[in-house]
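Each chain gets a letter, A, B and so on, in the order its sequence line appears, and its residues count up from 1. This one's a predicted model, so the numbers in the text were calculated from it and none came from an experiment.
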Amino acid sequence: MSESEIRLRLLQLDPDSFTKEKAHQKRELPDLEVLSEKVVMRLAPSPSGPLHIGHSRMAILNDEYVKRYGGELILRIEDTNPRNIDPIAYSQIPEDLRWLNVNVTSIIIQSDRMDIYYREAEKLLSNGHAYICSCSPELFRKLKLSSQACPHRDTSVDRNLESFENILKDRNFARDKTLVIKTDLKHPNPSVRDWIAFRFVDYPHPRTGSRYWFYPTMNFSVAIDDHLLGLTHVMRGKDHLNNTEKQRYIYRYNKWKEPKYYHFGLVSIPDTILHASEMRDGIRSGRFSGWDDVRLGTLMAMKKRGYLPETFRRYWVESGLRESDAEFSWEIFDSINRELIDRSALRFSFVKDPLPITFNVPYNVESESPYHPEVPSLGFRRYSFYGRTKIYLSKEDFLDISLRESVRLKDFCNLRIEGHSFIMEKENKPRKGIKIINWVPENARDYEVQFPDGNIVKGKIEPLAEGYDGVSQFERFGYVRMYKNASVGYFLHK
RNA sequence: GCUCCGAUGGUGUAGUCCGGCCAAGCAUUUCGGCCUUUCGAGCCGACGACCCGGGUUCAAAUCCCGGUCGGAGCACCA
């Protein structure tokens with residue numbers, strides 16, 4: 001029995017057995033090593049701006065696991081560097097996560113927790129695991145690179161505690177001070193040797209103003225919070241590999257139980273603007289219209305273009321947790337989105353760079369195109385013609401038809417070219433093999449499509465598209481997110 | 001340079017831990033064909049990969065050694 005025979009046979013037995021879910025044989029993430037009943041995981045973005053595609057990965061991966069095992073997903077906003085904060089992030093990040101259907105169970109903001117960090121720092125000082133240093137950055141780095149102790153490394157516990165107290169009391173005293181975690185001066189990786197846990201920052205914080213001036217570095221606050229919040233699993237990019245090693249010292253000194261760490265490979269996202277600083281500068285200078293400018297890689301922009309949150313989820317789940325680096329594939333991402341969006345995308349005719357043509361329609365003809373070829377219940381776009389008729393074709397099609405004997409205006413009629421004029425053919429059926437092109441009627445309205453690369457395509461769209469709000473498929477053009485009563489739409493993908 | 005990761009078709013991945021069922025699966029892209037009044041969807045088919053060299057073994061994508069290539073980190077950023 002051949003395969004097709006088998007298939008046929010099965011189909012007779014169980015018609016549902018093949019209907020299916022084409023591909024998505026559910027690619028699943030591997031199981032975690034579950035240390036306890038419930039998991040506690042976290043998302044730890046820095047509030048330098050709204051979330052972008054890159055962030056969506058860690059958000060979704062963590063979310064997937066919390067959904068699988070049950071537990072908590074903490075959003076921890078890491079704002080311990082006042083110089084690198086855009087206040088919009090405090091409200092936009094939770095908003096972006098909601099849109100992604102990431103189920104955050106609690107929100108923590110590190111700038112609320114300064115006293116906790118100070119308390120933990122004091123503990124480490126008391127135990128001799130840290131010291132206050134006043135070396136210049138240059139000197140400190142130099143000593144470190146040559147595995148030498150800085151002169152402050154052996155300061156007594158009491159003196160360290162006293163300095164620390166003064167640092168917190170006296171802004172000026174703090175100015176040249178850092179708090180350093182003792183590790184191993186012989187550690188093969190210089191960055192892991194005695195690392196800086198607090199530094200002086202003389203810059204107003206959007207939330208706490210000038211109340212603090214001695215801020216923990218990421219490695220310190222992360223280690224403290226990961227423990228205090230009870231994290232069971234930490235999942236992040238492998239650019240944090242070294243940080244994990246540094247943070248482990250804090251765990252070790254406090255005899256805390258470590259979470260399970262996972263580091264996935266880096267994904268480079270081509271043709272996309274993702275750096276907060278570049279986006280912010282561009283917005284400020286007027287080059288971009290805002291954080292949701294479709295040229296940017298923010299979730300806000302992608303939402304505006306018509307991407308679905310489900311697309312992100314499927315894409316990242318499919319990518320998995322591999323440690324090897326990879327390149328983000330817009331091709332695959334778009335194909336997932338296309339599949340999800342197609343059913344609900346109404347079809348419209350749009351002609352780019354429109355050129356008018358006129359011809360005579362000798363008897364009444366009504367063109368009739370489905371709003372969606374697979375959902376006939378949505379009805380048809382109908383236009384009637386009789387007599388002298390003017391329509392628009394795209395410049396591209398217009399040039400192309402001069403090479404042909406005749407063309408088919410989609411769902412309307414066949415046109416024959418004779419000399420410089422167009423004649424509607426008597427026989428109004430699509431001939432096999434005939435080139436089918438799009439057109440819009442004379443009263444089509446002007447419409448622009450903005451592409452993510454910044455290009456703007458001008459054209460005309462059929463009148464029945466008026467008022468549509470959602471993703472449309474412009475026939476033979478691509479998917480476009482239209483907004484009600486707007487004369488500009490955003491190109492989604494082919 | 002030092003430290004740490006990684007390496008499966010154009011792209012994204014499965015398989016690698018516990019060697020044989022892998023002459024390597026899936027998706028996407030590309031190219032054919034069918035269907036269709038869209039260059040969309042659907043269906044059928046084709047092209048296309050285990051980084052290199054040694055070793056262990058009856059047997060290696062899978063284990064070991066060496067090399068090559070790629071990435072990350074080496075900040076008082078996160």
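Checked by atom type, the side-chain pair A:Asn243/A:His240 shows a donor-acceptor distance below 3.5 Å. Residues A:Trp316 and A:Ser56 bring a donor and an acceptor atom of their side chains to less than 3.5 Å of each other.
Under 4.0 Å is where a charged nitrogen must lie from a carboxylate oxygen, and between A:Arg280 and A:Glu278 no such pair does. Salt bridge A:Glu368/A:Arg381: absent, no basic N to carboxylate O contact under 4.0 Å.
Separating the CD atom of A:Glu368 from the P atom of B:U38 is a distance of 14 Å, rounded to the nearest angstrom. Rounded to whole angstrom, the span from the CG atom of A:Leu340 across to the P atom of B:U28 amounts to 12 Å. When rounded to the nearest whole Å, the span between NE2 of A:His493 and C1' of B:C39 equals 15 Å. For A:Arg347 and B:U38, the CZ to P distance is 10 Å, given to the nearest whole Å. If you take NZ of A:Lys432 and C1' of B:U36, they are 10 Å apart, rounded to a whole angstrom. A:Leu266 has its CG atom 14 Å from the P atom of B:G12, to the nearest Å. Distance A:Glu339 CD to B:A27 P: 11 Å, rounded to the nearest Å. As rounded to whole Å, 17 Å separates atom P of B:C26 from atom CD1 of A:Ile336.
Not a single donor-acceptor contact under 3.5 angstrom links the side-chain atoms of A:Glu475 to the base of B:G40.
Using a 4.5 Å heavy-atom threshold, the side chains of A:Leu51 and A:Pro45 count as touching.
Within the nucleic acid shown, A:Glu78 comes within 4.0 Å of sugar-phosphate atoms alone, with no base atom in reach, counting heavy atoms only. Here A:Cys413 lies out of heavy-atom contact (under 4.0 Å) with every strand. Using a 4.0 Å heavy-atom criterion, one finds that A:Tyr479 contacts the sugar-phosphate atoms exclusively. Using a 4.0 Å heavy-atom criterion, one finds that A:Asn219 contacts no nucleic acid atom at all. When heavy atoms are screened at a 4.0 angstrom cut-off, A:Pro188 is found touching the sugar-phosphate backbone but no base atom. Among the atoms of the strands shown, only primed sugar atoms or phosphate atoms (P, OP1, OP2) are found under 4.0 Å from some heavy atom of A:Thr80. Note on A:Arg322: a base of the nucleic acid sits closer than 4.0 angstrom, heavy atoms only. A:Pro373 comes within 4.0 angstrom of a nucleotide base, judged by non-hydrogen atoms across all strands. The residue A:Ser335 sits close only to the backbone: its heavy atoms come under 4.0 Å of sugar-phosphate atoms, none of a base. A:Ser277 comes within contact range of no nucleotide atom at all, as no heavy-atom separation falls under 4.0 Å.
Closest contact between the side chain of A:Arg199 and the listed nucleotides B:U37, B:A78, B:C39 involves B:A78. Listed nucleotides B:U38, B:U28, B:A78 differ in distance to A:Arg476; the shortest reach to its side chain belongs to B:U38. Here B:A27 is the nucleotide among B:A27, B:C39, B:G40 with the atom lying nearest to any side-chain atom of A:Glu318. Of the candidates B:C5, B:U3, B:C77, B:C77 carries the atom nearest the A:Asn81 side chain, counting heavy atoms from C-beta on. Side chain of A:Arg338, nearest nucleotide from B:U38, B:A41, B:C77: B:A41. With B:U37, B:A78, B:C76 as the choices, the nucleotide that has an atom nearest any side-chain atom of A:Asp411 turns out to be B:U37. When each of B:G40, B:A78, B:C39 is scored by its nearest atom to the side-chain atoms of A:Gln473, the top-ranked nucleotide is B:G40. Candidate nucleotides B:U11, B:G71, B:A72 were compared by shortest atom distance to the side chain of A:Asp239, and B:A72 ranks first. Checking B:C4, B:G40, B:G12 against every side-chain atom of A:Tyr315, the shortest atom distance belongs to B:G12. The side chain of A:Pro190 approaches B:C74 more closely than any other nucleotide in the set B:G12, B:G40, B:C74.
Between B:A14 and B:A24, the distance separating the two C1' atoms is 10 Å to the nearest Å. Straight-line distance between the C1' atoms of B:G25 and B:A61: roughly 13 Å, to the nearest whole Å. Going from the C1' atom of B:C63 to that of B:G42 covers 46 Å, rounded to whole Å. B:C50 and B:C58 have their P atoms separated by 26 Å, with the value rounded to a whole Å. Distance check on atom P: B:U13 versus B:A7 gives 11 Å, rounded to whole Å. Atom P of B:C52 sits at a distance of 34 Å from the matching atom of B:C44, rounded to the whole Å. Rounded to a whole angstrom, the distance from the C1' atom of B:C4 to that of B:G19 is 28 Å. B:C22 and B:U29 are spaced 24 Å apart, taking the C1' atom of each and rounding to whole Å.
Under the Watson-Crick and G-U wobble criteria, each requiring two contacts below 3.5 Å, nucleotide B:C50 is left unpaired. Of all nucleotides present, only B:G73 satisfies the Watson-Crick or G-U wobble test against B:C2, with each distance under 3.5 Å. In this entry B:A7 has B:U68 as its Watson-Crick or G-U wobble partner, both defining distances falling under 3.5 Å. Pair assignment for B:C39: none, as no Watson-Crick or G-U wobble contacts are both less than 3.5 Å. Nucleotide B:C58 is matched to B:G20 when pairs are restricted to Watson-Crick or G-U wobble geometry with both distances under 3.5 angstrom. Nucleotide B:C26 is matched to B:G12 when pairs are restricted to Watson-Crick or G-U wobble geometry with both distances under 3.5 angstrom. In this entry B:G45 has B:C31 as its Watson-Crick or G-U wobble partner, both defining distances falling under 3.5 Å.
Partners of A:Asp202 according to the salt bridge (charged side-chain N to carboxylate O under 4.0 Å, His left out) rule, which considers only residues two or more places apart in sequence or in another chain, are A:Arg171, A:Arg175.
Along RNA chain B, the nucleotide closest to A:Asn189 and the one closest to A:Asp325 are compared, and the more 5′ of them pairs with A:Asn189. Heavy-atom distances to RNA chain B give each of A:Lys410 and A:Ala326 a nearest nucleotide, and the one nearer the 5′ end belongs to A:Ala326.
The CZ atom of A:Phe164 sits 6.0 Å away from the CG atom of A:Leu125 when rounded to the nearest 0.5 Å.
Cation-pi contact between A:Arg305 and A:Phe491: absent, since separation from the ring centre below 6.0 Å together with deviation from the ring axis within 45° is not met. At least one cation-pi condition fails for A:Arg236 and A:Phe264: the charged atom is not both under 6.0 angstrom from the six-membered ring centre and inside a 45 degree cone around its axis.
A centroid separation of 6.0 Å or more is found between the aromatic rings of A:Trp439 and A:Tyr392. You'll find the ring centres of A:Tyr383 and A:Phe412 outside the 6.0 Å limit.
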Report summary line: For nucleotides 47-52 of chain B, 5' to 3', base contacts (B), sugar-phosphate-only contacts (S) and non-contacts (-) with protein non-hydrogen atoms under 4.0 Å give ------
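Below 30°, between 30° and 60°, or above 60°: for A:Phe328 and A:Trp330 the angle between ring planes is above 60°, a perpendicular geometry.
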